2 protein chains.
Amino acid sequence: MKATIKDVAKLAGVSFKTVSRVINKEGTVGQDLQDKVMKAVKELNYQPNLSARLLRGTASSIGFIYDNPNSNYVIDMQRGILGECHRQGYELVIHPCDAKSKTIIDEIIGMVDRSRVGGLVLTPPVSEMPDVLSALNKRKLKYVRILSGANPPDTISPCVFIDDRTAAYKITQYLIDLGHKAIAFLGGDEAHKSSTERMEGYKAALKENKITLDKKLIVGGEYSFESGVKRTRQLLSGSTKPTAIFACNDEIAAGTLFAARIQGIEVPQQLSIVGFEDSPFSRQAWPNLTTAQQPIRTIAQHATSILIDVMRNGEKNVESEGFYPELIVRDSTCPVASRKN
Amino acid sequence: MKATIKDVAKLAGVSFKTVSRVINKEGTVGQDLQDKVMKAVKELNYQPNLSARLLRGTASSIGFIYDNPNSNYVIDMQRGILGECHRQGYELVIHPCDAKSKTIIDEIIGMVDRSRVGGLVLTPPVSEMPDVLSALNKRKLKYVRILSGANPPDTISPCVFIDDRTAAYKITQYLIDLGHKAIAFLGGDEAHKSSTERMEGYKAALKENKITLDKKLIVGGEYSFESGVKRTRQLLSGSTKPTAIFACNDEIAAGTLFAARIQGIEVPQQLSIVGFEDSPFSRQAWPNLTTAQQPIRTIAQHATSILIDVMRNGEKNVESEGFYPELIVRDSTCPVASRKN
DNA sequence: GTTCACAATGACAACGTTGTCTCAAATTAC
DNA sequence: GTAATTTGAGACAACGTTGTCATTGTGAAC
């Protein structure tokens with residue numbers, strides 16, 4: 001049914017090893033034979049058997065490790081990775097996991113052994129866990145990390161970094177430009193570097209504009225709707241009332257919006273809200289959320305292409321690359337001057 | 001590094017074939033040897049090499065075909081399938097595709113050939129495309145379908161069906177019980193059977209309650225936010241104004257909510273809205289959406305287990321199974337009596 | 001006590017590929 | 001014109017598994 005390398009060889013009238021040489025571009029085959037082989041390949045629609053290759057030792061699949069409740073994020077990531085894998089002839093093995101699990105390292109190693117993947121794409125927060133990284137290094141596993149940071153970290157391993165800090169700075173600056181001074185910050189999970197990075201950007205913008213930081217306006221928590229609701233309720237019943245809230249992601253922002261609504265507070269007239277992520281929610285909520293957009297798919301694709309390069313050619317000359325989220329202004333923010341009270 | 005079947009054999013002091021027999025539970029190995037082998041397996045943490053198995057002809061991976069813009073749906077599905085695969089020692093190959101593409105059949109066949117998957121999990125709308133099914137049948141490929149329907153279709157192929165019709169009936173009945181009579185229906189993509197099934201349920205409930213069907217209140221379109229906004233605007237500016245809108249999924253409902261807001265219409269006081277899906281949006285929107293919940297993950301898991309059974313033992317005694325979405329009442333609906341006008 | 005059936009186990013081939021080695025032909029150097 | 005070198009291509013083994021067949025031992029049947 002499916003053509004094998006031997007079928008191709010027979011049709012082309014050469015030994016099957018010669019076909020292998022042509023397929024793998026070893027370059028020691030005469031032009032005429034190459035043409036014959038390629039013609040036969042086309043005619044039979046031959047595709048090398050992945051299992052046989054794998055069995056022989058040539059890794060042809062990569063693993064995607066994630067722990068993230070955010071479906072949009074994961075799916076976008078997955079599409080980007082899958083696209084690049086497909087283009088380069090690799091298979092993808094996905095592995096959702098729980099970063100808080102004690103056995104996460106064993107899980108990952110087990111998955112690598114079982115599926116014989118040749119490399120891993122790591123996403124936050126797993127990409128930011130030193131234990132995991134050192135375990136991978138010890139086993140000489142190739143990987144590429146996607147992580148949050150203003151600069152590439154000084155480790156040798158290749159990565160793709162997302163400059164959340166600068167984006168958060170811009171968001172905060174935008175709120176300040178609208179006249180806001182009492183700007184609250186609702187953080188995300190501590191395990192995620194993105195949360196602290198965004199907070200740094202927020203603080204930097206305040207400092208730059210000589211606005212004194214009010215610690216009561218910074219509230220830590222989780223990247224979740226419920227956490228957003230709870231913290232917003234708490235904030236709005238506090239002594240210092242913010243005129244704007246910078247939620248660390250759109251899900252928290254959804255919670256903020258919800259809590260504000262419950263209390264009859266009008267958004268944005270009485271309270272400006274910004275999120276981070278450009279999720280479908282931010283586009284479908286009323287009012288639309290002002291937020292920051294990350295080109296997740298492109299990021300994932302890029303990371304994958306770096307990984308495959310490393311798998312093929314080793315870690316020499318690997319260039320880490322940065323991405324910069326973009327501010328998307330929508331309807332959940334307005335100048336403080338137009339506030340009703 | 002990784003233990004092979006021969007390492008286990010050596011440690012247990014038996015031939016590697018005997019180990020193979022124990023691993024595959026062929027049952028022709030004496031108890032004492034079995035114990036020895038299992039002990040060695042544990043000690044070496046042996047895991048069979050998938051590629052070798054595949055190469056030998058034993059299909060050990062299944063493909064997941066989807067074309068759905070809804071990330072939550074896909075991720076849930078994927079988790080369910082992956083969990084079952086993992087439990088049964090199968091690998092998962094994912095394949096997003098475009099159901100509208102002319103080459104979809106070639107794409108799927110190509111993917112099957114490349115990855116040597118032994119079976120497919122098909123989701124709507126691909127699971128409802130006769131062309132695709134007959135192409136798969138022709139190639140004798142095993143598959144399980146997840147689809148919308150009140151009863152299993154009369155084809156031989158195994159499937160898991162979701163009774164959207166009954167769920168839609170219940171939703172409509174619920175609205176009628178609240179006193180609504182002018183209930184609009186916003187359909188989804190025509191290519192999805194779920195859309196027509198839900199419409200059937202809607203119509204049946206109206207008929208049962210002797211409410212005349214007003215065709216102006218049924219508006220076809222797509223499963224998207226934009227389509228929901230557009231059609232709601234159209235409806236609300238029409239001559240017959242609905243007091244409730246049954247949106248075919250949560251995304252459409254999101255659009256409906258948005259459009260209502262824009263026009264200053266209060267939900268649910270002036271307009272009740274129901275969706276379908278129990279998406280995160282429905283839980284995070286304000287007000288929370290009344291909707292119907294499908295146990296996607298369980299459904300996916302079940303479908304996968306059926307598929308693996310078919311792959312192992314052929315299609316005898318396959319029992320298709322049905323699932324019934326459940327009405328989730330939240331805050332976007334209220335009795336028509338309490339309407340403000 | 002010999003034959004037979006059957007159960008438990010092992011030896012070996014095969015799956016489709018790539019790495020290594022070998023060999024023949026073509027080219028170069030003298 | 002002969003020896004040395006390079007080049008192109010094939011033969012074969014190996015990867016880790018499972019299917020097929022052969023072999024051994026054990027107890028039952030005559």
Side-chain angles (χ1 to χ4, degrees), chain A residues 1-38 40-41 44-61 89-91 112-118 311-312, chain B residues 1-38 40-41 44-61 89-91 112-118 311-312:
Chain A
M1 174 116 271
K2 302 154 200 158
T4 75
I5 201 170
K6 291 186 182 173
D7 299 328
V8 177
K10 194 181 282 177
L11 183 61
V14 297
S15 81
F16 70 94
K17 179 63 217 193
T18 300
V19 177
S20 168
R21 277 193 259 264
V22 173
I23 298 291
N24 295 293
K25 303 199 178 94
E26 290 185 27
T28 62
V29 178
Q31 191 56 50
D32 47 341
L33 277 196
Q34 278 199 37
D35 293 344
K36 265 197 227 170
V37 169
M38 287 315 292
V41 164
L44 295 175
N45 189 28
Y46 166 73
Q47 299 204 283
N49 181 316
L50 210 77
S51 305
R53 275 191 165 166
L54 273 170
L55 183 56
R56 200 61 189 70
T58 326
S60 320
S61 59
Y90 281 68
E91 287 296 318
V112 168
D113 281 355
R114 203 168 352 101
S115 310
R116 262 71 175 180
V117 303
M311 284 166 60
R312 284 202 179 126
Chain B
M1 174 117 272
K2 303 154 201 158
T4 75
I5 201 170
K6 292 188 180 171
D7 300 329
V8 177
K10 195 180 280 178
L11 183 62
V14 298
S15 82
F16 70 93
K17 179 62 218 194
T18 300
V19 177
S20 169
R21 276 193 258 264
V22 174
I23 297 292
N24 295 293
K25 304 198 177 97
E26 288 185 29
T28 62
V29 177
Q31 192 56 50
D32 48 339
L33 278 198
Q34 278 199 36
D35 293 345
K36 266 197 223 169
V37 168
M38 287 316 291
V41 164
L44 296 175
N45 189 29
Y46 166 72
Q47 298 204 283
N49 182 316
L50 210 78
S51 305
R53 275 192 165 165
L54 273 171
L55 182 56
R56 199 58 189 68
T58 325
S60 323
S61 58
Y90 282 68
E91 287 295 318
V112 168
D113 281 355
R114 203 168 350 101
S115 311
R116 262 73 175 176
V117 302
M311 283 166 61
R312 283 203 180 125

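These figures come from a predicted structure and were not determined experimentally. A note on names: the letters A, B, ... follow the listed sequences, proteins ahead of strands, and every chain is numbered from 1.
Distance NZ/A:K6 to OH/A:Y46: 11.0 Å, rounded to 0.5 Å. Taking CG of A:L54 as the reference point, atom CG of B:L54 lies at 8.5 Å (rounded to 0.5 Å).
Running 5' to 3' along DNA chain C, contacts with non-hydrogen atoms of chain A at under 4.0 Å begin and end at C:dG16 to C:dG19.
Residue whose closest nucleotide on DNA chain C sits further toward the 5' end, between B:F16 and B:L55: B:F16. Along DNA chain C, the nucleotide nearest to B:G30 and the one nearest to A:I5 differ in position, and the one closer to the 5' end is contacted by B:G30. In this structure, B:S20 and A:A52 both approach DNA chain D, and ranking their closest nucleotides by distance from the 5' end singles out A:A52.
Applying a 4.0 Å cut-off to non-hydrogen atoms, none of the residues of residues 7-15 of chain B approaches DNA chain D.
Looking at residues two or more places apart in sequence or on another chain, you find a side-chain contact (heavy atoms from CB on, under 4.5 Å) between B:D7 and B:A3, B:T4, B:L44. With sequence neighbours left out, A:Q34 forms a side-chain contact (heavy atoms from CB on, under 4.5 Å) with A:V22, A:V29, A:Q31. In this structure, the side-chain hydrogen bond (donor to acceptor under 3.5 Å, both in side chains) partners of A:E91, at least two apart in sequence or on a different chain, are B:S115. Here B:S51 pairs with nothing under the side-chain hydrogen bond (donor to acceptor under 3.5 Å, both in side chains) rule; sequence neighbours left out. Among residues two or more places apart in sequence or in another chain, the side-chain hydrogen bond (donor to acceptor under 3.5 Å, both in side chains) test is passed with B:R53 by B:N24.
B:I5 is not listed as a side-chain neighbour of B:P48, based on a closest heavy-atom distance of 4.5 Å or more.
Residue-level contact check: B:R56 touches the bases, meaning some heavy atom is under 4.0 Å from a base atom. Within the 4.0 angstrom heavy-atom criterion, no nucleotide atom of any strand lies near A:I23.
Rounded to 10°, the angle separating the first-five-pair axis and the last-five-pair axis of the helix from C:dG1-D:dC30 to C:dC30-D:dG1 equals 50°.
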Which atom pairs, donor and acceptor, lie under 3.5 Å between side-chain atoms of residues 9-17 of chain B and protein residues at least two apart or in another chain?
| residue | atom | partner | partner atom | Å |
| --- | --- | --- | --- | --- |
| B:S15 | OG | B:K17 | N | 3.4 |
| B:S15 | OG | B:T18 | N | 3.3 |
| B:S15 | OG | B:T18 | OG1 | 3.2 |

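When the nucleotides D:dG10, D:dG19, D:dT20 are ranked by their closest atom to the side chain of B:R21, D:dT20 comes out on top.
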All N/O pairs under 3.5 Å across the protein-nucleotides 23-26 of chain D interface:
none

